[in-house]
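A short worksheet on the structure shown next.
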Amino acid sequence: MFEREQQAIEDQIREYLASHSIPELDDFHWNPIPFAGGWGISTPCFPLAALEARAGKKINVPQRAQEIASGLAEHLGIPEGFSGVEALNGYLNLFYSSAEFSRRVVDRVLEEGADFGRQAPFGKQVMVEFSNPNTHKAFHVGHLRSAILGESIARILAFAGYDVVRANYIGDMGLHVIKWLWNYQRYHLGEKPPADTTKWMGDLYSEAIKRLEGDPELEAEVRELYSRWDRRDPEVVALWEETRQWSLDHFEKIYQILDIHFDRWYSNSEMEQPGKMVVEQFIEEGIAEDERPTGGPVIVRIDDKLGLEKEKYRVLVVLRSDGTALYATEDLALAIKKFSDYNLYSSIYIVDVRQSLHFEQVFKTLEIAGYPWATRSQHLPYEVVNLPGNVVMASRDGTIVLLEGLIDESQERALEIVEEKNPSLSDEQKEDVARAVGLGALKYPMLARDNTKIVTFDWESALDFNGQAAPYIQYAHVRANSILRRLEDPLPDSAPIEHELDPAEIQLIDAISRFPGEVQRAAAEYKTLHITNLTFDLARSFNDFYKQCPVLKADPDIRAYRLRLVAAARQTIANALNLLSILAPEVM
RNA sequence: GCCCUCGUAGCUCAGUGGAUAGAGCAUUUGCUUGCGGAGCAAAGGGCCGUGCGUUCGAAUCGCACCGAGGGCGCCA
């Protein structure tokens with residue numbers, strides 16, 4: 001947040017280096033001062049000394065680094081906005097003038113409000129494809145990760161200034177759907193979905209799998225059904241449309257509960273025909289090889305096309321030998337469609353890590369075919385959600401935790417706790433709090449670990465609202481709110497800070513000041529983790545401050561400043577939680 | 001066989017090549033006078049998988065090995 005000061009210091013350092021003919025460095029690699037109570041920035045002088053050593057001077061690097069640091073400290077004096085400078089262990093440390101810096105941070109937060117941390121739009125459109133549920137299957141906890149991760153990344157990118165298009169690609173056709181339809185038509189025809197649609201649809205799917213296991217005659221029926229679909233047999237299409245809608249209605253309900261939104265819906269059924277046309281075109285252009293005359297599928301030998309000796313991208317099957325479409329067929333068409341529908345700077349696919357090779361193959365094939373934007377399509381892989389004992393959640397095996405049941409359970413549990421902690425709330429308030437807390441507790445663990453880490457779901461920790469979890473952060477927000485609620489007058493105006501800041505105050509301001517930078521970083525790396533980490537830091541700093549520093553009963557000047565600080569903290573926590581699509585309740 | 005991840009405290013995980021590797025949970029122990037104790041504070045607990053290298057400096061980068069998981073021609 002203090003780029004201007006940093007820039008001024010860098011200019012002065014360069015000036016000093018030049019006048020002492022010390023070789024110059026491109027990047028000063030500023031870090032926060034790692035000592036408790038030391039609020040400021042620090043840069044190591046080792047790289048400068050190492051450069052000299054490499055140029056042939058016979059020197060001891062750490063010793064020379066300390067010399068340079070001392071020289072710099074002397075040259076800089078105490079720059080504008082800083083309270084002190086020191087050369088220590090080869091580092092140059094610059095301490096912020098706390099009173100001035102903290103006032104600036106608080107003023108800026110209160111001025112910008114809900115926009116604190118937001119970057120101005122810069123005209124780059126990016127599509128984020130996420131969730132991608134399959135119809136005719138259950139919606140379980142595993143699906144929550146893509147949904148919530150995608151929602152949060154979309155919010156972060158938008159906040160960081162991108163023009164975001166949120167896309168959902170529905171898996172509404174494929175072998176799994178045909179198998180489901182076959183089972184329904186043969187054994188359940190006429191049945192309507194019960195109240196818990198998703199469980200019933202999932203059950204019918206695993207039932208289909210069980211019936212088909214090792215029975216070639218039944219498999220033949222499924223293939224027959226698939227070719228009827230391929231001919232668009234009206235009876236099959238009608239059945240598909242009706243049953244598909246059952247799933248879609250249910251998805252809509254879940255997205256509404258989770259506060260997840262989409263701008264554009266695609267489905268793989270609508271990509272079948274365009275996909276087949278793309279494949280035809282690739283065959284004509286010699287990119288794909290048609291092995292159907294000899295009973296094989298249509299393939300793209302990617303490694304061969306690239307002239308690679310070692311196998312890397314291998315072979316992509318783009319059309320089945322019977323001419324029906326695969327996911328790859330449809331993904332080729334979809335990638336093309338996205339860039340023709342929109343003027344995209346990039347196209348991001350938030351899909352689990354098991355499909356990494358698939359996406360590399362699809363994008364590489366499009367690159368070979370000469371689409372200039374192919375390198376701007378990007379797969380963002382995330383690891384799966386497993387059950388304890390590393391048990392994979394699979395619809396076909398029925399080893400799943402249904403999302404709806406989990407949501408109900410977490411809200412019931414949250415409600416019990418609200419009843420206990422805050423019985424004076426109205427029933428309606430309690431319900432609202434339970435919803436905010438229950439959902440937050442479910443979402444947080446999906447966002448707070450790195451994308452490459454497997455999430456292990458277990459009921460106990462999902463319903464544990466203590467410690468490093470959303471309710472802790474929500475509680476900090478509630479406490480801030482409870483102070484400000486008691487304030488009858490408007491918030492005091494900004495004024496110079498006369499009192500010596502408490503370490504707890506400085507820590508809190510530091511956390512607030514880091515928010516805009518962390519938004520940038522999260523957007524650049526597609527990592528919600530940076531936001532959850534900072535948000536937790538904020539909440540912890542606030543709770544510590546709350547304990548250490550009285551606000552309402554403090555001396556008037558201090559009170560005025562602290563009130564503003566509390567308001568700034570509340571605002572930043574709310575902004576951060578919003579990026580995580582976690583609600584910031586007023587009471588709880 | 002080839003490719004991709006991961007390996008940090010008892011457990012779950014953070015950790016931009018930089019100073020003394022940090023949280024939460026669990027364990028033990030303190031905090032009633034202050035705005036909400038869903039909180040705060042303290043203690044114990046670490047060959048950062050192993051080895052070699054690069055570097056002034058490695059949990060972080062490179063190579064090899066060990067261990068776990070995932071992927072690899074008509075599933076999605």
Side-chain angles (χ1 to χ4, degrees), chain A residues 29-31 33-35 42-44 46-47 49-50 53-54 59-65 88-91 93 132 134 137 171 174-176 268 291 296-301 310-322 324 326-331 351-358 360-361 381 383-384 386 390 392 396 414 417-418 420-422 437 445 448-456 461 464-469 471-472 474-476 478-487 521 529 532-533 536-537 540 543-544 546-554 562 566 587-588:
Chain A
H29 195 80
W30 294 101
N31 294 309
I33 296 171
F35 308 118
S42 168
T43 187
F46 299 101
R54 237 165 290 160
I59 50 171
N60 174 310
V61 170
Q63 200 180 347
R64 176 64 182 147
L88 184 67
N89 301 334
Y91 294 84
N93 295 331
N132 303 0
N134 288 329
K137 275 191 183 176
L175 259 185
H176 77 277
N268 70 330
E291 295 185 336
V298 181
I299 60 170
V300 179
R301 297 181 187 276
K310 245 166 67 171
E311 53 179 356
K312 181 161 186 197
Y313 300 104
R314 298 159 189 269
V315 171
L316 178 63
V317 176
V318 292
L319 199 67
R320 285 199 188 90
S321 52
D322 64 2
T324 55
L326 292 149
Y327 237 56
T329 322
E330 294 148 359
D331 268 340
V351 181
D352 82 65
V353 67
R354 293 170 300 188
Q355 292 183 46
S356 294
L357 178 60
H358 166 80
E360 278 189 75
Q361 291 178 321
E383 263 295 356
V384 293
N386 283 349
N390 230 10
V392 175
R396 56 189 308 158
I417 296 177
V418 182
E420 177 198 325
K421 304 278 185 191
N422 207 345
V437 170
R449 25 177 73 45
D450 210 341
N451 301 341
T452 58
K453 288 277 194 347
I454 294 173
V455 171
T456 300
S461 59
D464 184 1
F465 298 156
N466 295 315
Q468 197 162 358
Y472 175 87
Q474 292 169 319
Y475 183 63
V478 165
R479 287 176 125 184
N481 193 58
S482 84
I483 291 177
L484 297 168
R485 198 176 42 221
R486 286 159 190 276
L487 190 64
R521 199 169 152 215
L529 168 70
T532 53
N533 279 351
F536 180 70
D537 268 3
R540 197 176 35 183
N543 278 331
D544 184 29
Y546 185 92
K547 183 74 174 182
Q548 300 298 330
C549 306
V551 178
L552 295 173
K553 293 185 179 168
R562 284 185 179 164
V566 169
V587 291
M588 65 189 270

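All values derive from a computational prediction rather than experimental measurement. Residue numbers begin at 1 in each chain, while the letters A, B, ... track the order of the sequences.
- Side-chain proximity of Val315(A) to the nucleotides rC35(B), rC75(B), rG73(B) is greatest for rG73(B).
- The side chain of Arg479(A) has rG36(B) as its nearest neighbour among rA76(B), rC40(B), rG36(B).
- When the side-chain nitrogen and oxygen atoms of Arg320(A) are compared with OP1 and OP2 of rG73(B), none of them lie within a distance under 4.0 Å.
- At the phosphate of rA38(B), OP1 or OP2 sits under 4.0 Å from a side-chain N or O atom of Tyr475(A).
- Counting only heavy atoms from C-beta on, His29(A) has its side chain closest to rG18(B) among rA19(B), rA14(B), rG18(B).
- A distance below 6.0 Å separates the ring centres of Tyr91(A) and Phe46(A).
- Taking each heavy atom of Val318(A) and Ile299(A) in turn, the nearest pair found is CG2-N, 4.3 Å.
- Nucleotides rG10(B) and rU54(B), compared at atom P, are 33 Å apart to the nearest Å.
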- Message: Reading 5' to 3' and counting Watson-Crick or G-U wobble pairs with both distances under 3.5 Å, write the dot-bracket notation for RNA chain B, | for bases paired outside the strand.
- Response: (((((((..((((....[...)))).(((((.......))))).....(((((..]....))))))))))))....
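- Between the side chains of Asn31(A) and Ser42(A), not a single donor N or O lies within less than 3.5 Å of an accepting N or O.
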- Note on the structure: Scoring nucleotides 20-29 of chain B by protein non-hydrogen atoms under 4.0 Å (B base, S sugar-phosphate only, - none) yields B--BSS----
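- Residue Val317(A) places its side chain closer to rC74(B) than to any other of rC74(B), rA19(B), rA38(B).
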Protein N or O to nucleotides 54-57 of chain B N or O, pairs below 3.5 Å:
none

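- Annotated as syn: rG73(B), whose glycosidic dihedral is within 90° of 0.
- The nucleotide whose nearest atom lies closest to any side-chain atom of His358(A) is, among rA76(B), rG37(B), rC74(B), rA76(B).
- Among the atoms of the strands shown, base atoms are found under 4.0 Å from some heavy atom of Val418(A).
- Which of rG7(B), rG71(B), rU16(B) sits closest to the side chain of Arg521(A) comes down to rU16(B).
- Here Gln355(A) lies in heavy-atom contact (under 4.0 Å) with a base.
- Using a cut-off of 4.0 Å between Lys/Arg side-chain N and Asp/Glu carboxylate O, Glu291(A) and Arg320(A) are scored as not salt-bridged.
- A salt bridge links Asp537(A) to Arg540(A): one of the charged nitrogens lies within less than 4.0 Å of a carboxylate oxygen.
- Across all non-hydrogen atoms, the minimal contact from Ala480(A) to Val566(A) is O-CG1, 3.6 Å.
- Applying the salt bridge (Lys or Arg N to Asp or Glu O under 4.0 Å) rule to Arg449(A) yields no partners; only residues at least two apart in sequence or on another chain are considered.
- Between Lys421(A) and rA38(B) there is a side-chain polar atom (N or O) within less than 4.0 angstrom of OP1 or OP2.
- Across all strands, Leu319(A) comes closer than 4.0 Å to no nucleic acid atom at all (heavy-atom distances).
- Evaluation of the side chain to side chain contact (heavy atoms under 4.5 Å, CB included) rule for Ala448(A) yields Tyr444(A), Thr532(A) as partners, not counting sequence neighbours.
- Using atom P as the reference point in both rG45(B) and rA64(B), the two lie 37 Å apart (nearest Å).
- Interface remark: the Arg314(A) side chain does not form any donor-acceptor pair with the rC3(B) base, using a distance-only criterion of under 3.5 Å.
- Checking rA19(B), rG39(B), rG73(B) against the side-chain heavy atoms of Arg301(A) singles out rG73(B) as nearest.
- Contact annotation: Lys312(A) side-chain N/O to rC4(B) OP1/OP2 distance is not under 4.0 Å.
- Residue-level contact check: Leu326(A) touches the backbone only, with heavy atoms under 4.0 Å from sugar-phosphate atoms and none from bases.
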Using a cutoff of under 3.5 Å, can you pull out all pairs of nitrogen or oxygen atoms linking the protein to nucleotides 59-70 of chain B, with atom names and distances?
none

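- A donor-acceptor contact under 3.5 angstrom links the side-chain atoms of Ser321(A) to the base of rC74(B).
- When the nucleotides rA19(B), rG36(B), rA14(B) are ranked by their closest atom to the side chain of Asn93(A), rA19(B) comes out on top.
- Checking the phosphate oxygens (OP1, OP2) of rG36(B), a side-chain nitrogen or oxygen of Ser482(A) falls inside 4.0 Å.
- With rG37(B), rC74(B), rC2(B) as the choices, the nucleotide that has an atom nearest any side-chain atom of Lys310(A) turns out to be rC2(B).
- Comparing rA38(B) with rC48(B), their C1' atoms are spaced 33 Å from each other, to the whole Å.
- Residue-level contact check: Lys553(A) touches the backbone only, with heavy atoms under 4.0 Å from sugar-phosphate atoms and none from bases.
- Within 4.0 Å (heavy atoms only), Asp322(A) reaches no atom of the nucleic acid at all.
- Between Lys547(A) and rC35(B) there is no side-chain N or O to OP1 or OP2 distance below 4.0 Å.
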